[in-house]
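FYI, side chains are in, hydrogens and waters are out, and symmetry mates aren't considered; it's all heavy atoms of this structure. The model shown is predicted, which means the values in this text are computed figures rather than measured ones.
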Amino acid sequence: MIHDQTPDHHEFDIDLTIDEARRRAAVLEAVGDDWDPVAVLEGEQEAYRLLYSNLDPQQQETYDRLVSAGVLPGREGEGHAAA
């Protein structure tokens, strides 16, 4: 693209490094010192397990089909949700 130097066209650069550092600091401040990412992940895994537990046979078949199609992630070490 050819840039002419008319008053209608100006080039400028924006360095977002400082803003990104400020954003990351704000996120860490918001989650606080007692935030435990391992506990959060374990809670999410438990919620996922509960969501797909106690399925009736038709629901289990649908779940298995969605996992095999790659729509839902499978559970590690198991091919289907716990009954």
Quick one: list whatever passes side-chain contact (heavy atoms from CB on, under 4.5 Å) with [X], sequence neighbours left out.
X     : value
Leu72 : Tyr48, Tyr52, Tyr63, Leu66, Val67
Asp34 : none
Arg65 : Glu61
Glu29 : none

Connected hydrophobic set around Phe12, excluding itself, where side chains approach under 4.5 Å
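Same cluster as Phe12: Ile14, Leu16.
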What's in the same ILVMFWY side-chain cluster as Val31, cut-off under 4.5 Å, chained through other members?
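Result for Val31 is Trp35, Val40.
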Is there a chain of hydrophobic side chains (I, L, V, M, F, W, Y, each step under 4.5 Å between heavy atoms) that links Leu55 to Leu51?
yes
Enumerate the residue pairs fulfilling salt bridge (charged side-chain N to carboxylate O under 4.0 Å, His left out) with a member in residues 16-26, sequence neighbours excluded, ordered by first and then second residue.
Asp19-Arg22, Glu20-Arg23, Glu20-Arg24
From Thr62 atom OG1 to Gln60 atom CD, the distance as rounded to the nearest 0.5 Å:
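Going from OG1 on Thr62 over to CD on Gln60, the span is 9.5 Å.
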Leu41 atom CG, neighbour heavy-atom count above 12 within 6.0 Å:
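Buried by this count: over 12 neighbours within 6.0 Å.
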Is it the case that atom CD in Glu46 sees more than 12 heavy atoms from other parts of the structure closer than 6.0 Å?
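It does: Glu46 CD has more than 12 such atoms within range.
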Using the test side-chain hydrogen bond (donor to acceptor under 3.5 Å, both in side chains), find all partners of Asp33 that sit at least two apart in sequence or belong to another chain.
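Applying side-chain hydrogen bond (donor to acceptor under 3.5 Å, both in side chains) to Asp33 gives none.
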